[in-house]
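Reviewing the structure listed below.
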Amino acid sequence: MRQLNYDLKRLLERHREGGFVTRRDRSYALAQAADTLEQLGFRRLRAAGLKRKHVDALVREWQRRGLSTGTLKNRMAHLRWWARHVGRPGVVDTNSGHGIGNRRYVTNRDKGRALDPDRLARVPDAHVRMSLRLQAAFGLRREEAIKFTPSYADRGGSVVLKAAWTKGGRAREIPIWNEGQRAVLEEARRLTGGGALIPGGRDYLAQRKVYEKQTQAAGLVRMHGLRHRYAQSRYENLTGWKAPAAGGPRRRSLSPARRRADNAARLAVSRELGHGRPDAASVYLGT
């Protein structure tokens with residue numbers, strides 16, 4: 001193993017923040033970056049020696065290969081993690097500082113999906129069915145819903161997600177604002193007792209494979225749309241009108257008072273979905 005790859009492997013072992021998928025993606029991305037730097041001629045580089053010239057060289061190579069803006073931004077996030085953990089955060093500039101443009105996120109098309117009860121009934125594993133219901137009720141990501149432990153998460157008026165369950169390792173709290181959420185939580189408690197939605201004898205990876213196989217067989221695809229539907233429902237609950245992506249008024253047409261309510265609702269939705277940027281809500285809600 002080359003020295004840089006070894007250094008990064010040790011760094012990943014020492015700093016294990018984030019969920020399984022986040023750590024896996026980080027490991028792949030950093031190994032790929034180390035290999036690319038080797039190919040570009042940086043053969044004696046150690047992890048602690050990361051400099052701006054190395055980051056610039058990687059970005060130029062990735063752009064030469066025609067990688068999408070989204071992929072570039074994901075890789076930059078992993079480089080920032082590397083730089084931060086070796087005490088050199090300043091060597092990685094903003095994305096625009098490295099000549100990376102903005103992604104086009106917002107389409108104003110409704111990508112929301114309701115959970116089809118007939119298709120849900122075709123899923124044989126009760127834990128998978130419950131994970132899907134929690135995704136719909138709370139706007140959870142798949143990993144969060146699989147790792148969900150009702151006895152820990154249910155705090156009465158809200159649910160709390162552990163950092164280890166979430167993308168990016170950011171714990172968060174989601175309010176319980178309708179009776180349907182409370183009913184799903186009670187059923188989840190009865191199903192799991194004091195445990196998680198991963199049944200005994202399986203780990204997360206095994207349960208994720210069961211989830212993927214059974215949802216596909218049942219015709220339950222693009223389940224990320226459940227998060228879109230949750231976001232739109234929550235926005236309507238907070239504002240009293242539908243989100244633009246669901247047929248509601250566009251932001252530019254709102255009165256000043258309604259614009260303030262819109263901004264507050266978007267911030268709340270973004271936080272409940274686990275996004276660090278308030279404007280991320282526009283992906284789900286439209287503009």
Side-chain angles (χ1 to χ4, degrees), residues 4 8 11-12 15 17-19 21-42 45-109 111 141 166-170 172 224 227-228 231 243-245 250-252 259 262-287:
L4 179 56
L8 291 172
L11 200 65
L12 289 160
H15 304 283
E17 64 264 33
V21 174
T22 299
R23 297 197 306 272
R24 180 200 63 191
D25 292 347
R26 184 184 299 141
S27 176
Y28 289 167
L30 294 182
Q32 185 276 339
D35 291 343
T36 300
L37 286 167
E38 171 82 11
Q39 295 162 10
L40 293 173
F42 299 103
L45 179 62
R46 302 292 299 267
L50 182 68
K51 296 179 180 179
R52 171 67 184 247
K53 66 179 181 180
H54 302 125
V55 179
D56 286 338
L58 283 170
V59 172
R60 285 195 300 270
E61 177 62 15
W62 293 338
Q63 291 174 328
R64 186 190 69 78
R65 296 179 186 179
L67 300 185
S68 70
T69 300
T71 298
L72 288 173
K73 290 193 172 186
N74 288 336
R75 293 191 179 190
M76 292 300 289
H78 296 306
L79 291 185
R80 288 190 185 90
W81 182 93
W82 171 4
R84 186 171 69 254
H85 284 292
V86 295
R88 304 179 65 84
V91 304
V92 186
D93 202 346
T94 62
N95 291 326
S96 59
H98 288 285
I100 300 172
N102 292 324
R103 285 185 276 198
R104 291 179 59 90
Y105 282 111
V106 181
T107 65
N108 281 324
R109 289 190 294 111
K111 298 180 182 178
R141 297 181 177 96
T166 66
K167 182 178 181 179
R170 293 186 294 268
R172 71 179 188 274
H224 195 73
R227 274 167 66 81
H228 285 260
R250 300 292 295 272
R251 294 187 74 190
R252 61 174 176 261
R259 177 65 67 88
D262 171 88
N263 289 338
R266 287 171 183 271
L267 179 59
V269 167
S270 181
R271 287 173 174 167
E272 289 173 28
L273 293 178
H275 287 288
R277 298 173 294 105
D279 61 346
S282 294
V283 180
Y284 303 88
L285 303 174
T287 60

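Rounding to the nearest 0.5 angstrom, the gap separating the CG atom in L30 from the CG atom in D35 is 11.0 Å. Note: Q63 CD to L58 CG = 11.0 Å, rounded to the nearest 0.5 Å. Once rounded to the nearest 0.5 Å, the distance linking CG of L50 with CG of L45 reads 6.5 Å. Here CG of D262 is found 8.0 Å from CG of L285. Values are rounded to the nearest 0.5 Å. A distance of 8.0 Å separates NE2 in H98 from CG in L79, rounded to the nearest 0.5 Å.
More than 12 heavy-atom neighbours from other residues, nucleotides or ligands sit within 6.0 angstrom of CZ on R65. Counting heavy-atom neighbours within 6.0 Å of R271 CZ, excluding the residue itself, gives a total of 12 or less.
Looking at heavy atoms from C-beta onward, L12 lies in side-chain contact with S27 at the 4.5 angstrom threshold. Side-chain contact check for Y28 versus R23: every heavy-atom pair is 4.5 Å or farther apart. The shortest side-chain heavy-atom distance between V59 and M76 falls under the 4.5 Å cut-off.
The backbone N or O of L273 sits less than 3.5 Å from a side-chain atom of R227, completing a donor-acceptor pair. Checking side-chain atoms of E272 against main-chain N and O of A231 turns up no donor-acceptor pair under 3.5 Å. Listed for the R46 side chain is no donor-acceptor partner under 3.5 Å among the backbone atoms of L4.
Side chains of R251 and N263: a donor on one and an acceptor on the other come within 3.5 Å. No hydrogens or angles considered: a donor-acceptor pair under 3.5 Å links the side chains of S282 and R266.
Note: H54 and F42 have perpendicular aromatic rings, judged against thresholds of 30 and 60 degrees for the angle between ring planes. Between H228 and H224, the two ring planes are perpendicular [angle over 60°; tilted spans 30° to 60°]. The aromatic rings of W81 and H15 lie perpendicular to each other, with more than 60° between the two planes, well past the 30° mark.
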Please determine whether side-chain contact (heavy atoms from CB on, under 4.5 Å) holds for the pair N95 and L72, giving the CA-CA distance in whole Å, both sets of side-chain angles, and the decisive distance to 0.1 Å. CA-CA 9 Å; N95 291 326; L72 288 173; over 6 Å; no
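Nearest heavy atom pair, residue R250 against residue T287, reads NE-C, 3.2 Å. In terms of heavy atoms, G286 sits closest to A245 at N-CB, 4.0 Å. Considering every non-hydrogen atom in both R88 and A48, the closest pair reads CD-O, 3.1 Å. Nearest heavy atoms, E17 versus R26: O-NH1, 3.1 Å.
Pairs of residues two or more places apart, or lying in two chains, that qualify as salt bridge (charged side-chain N to carboxylate O under 4.0 Å, His left out) and include a residue from residues 51-60 are R52-D56, R52-D93.
Take Q32 and apply the side-chain hydrogen bond (donor to acceptor under 3.5 Å, both in side chains) test, not counting sequence neighbours, and it matches T36, R75.
Between H78 and W82, the distance separating the two ring centers is not shorter than 6.0 angstrom.
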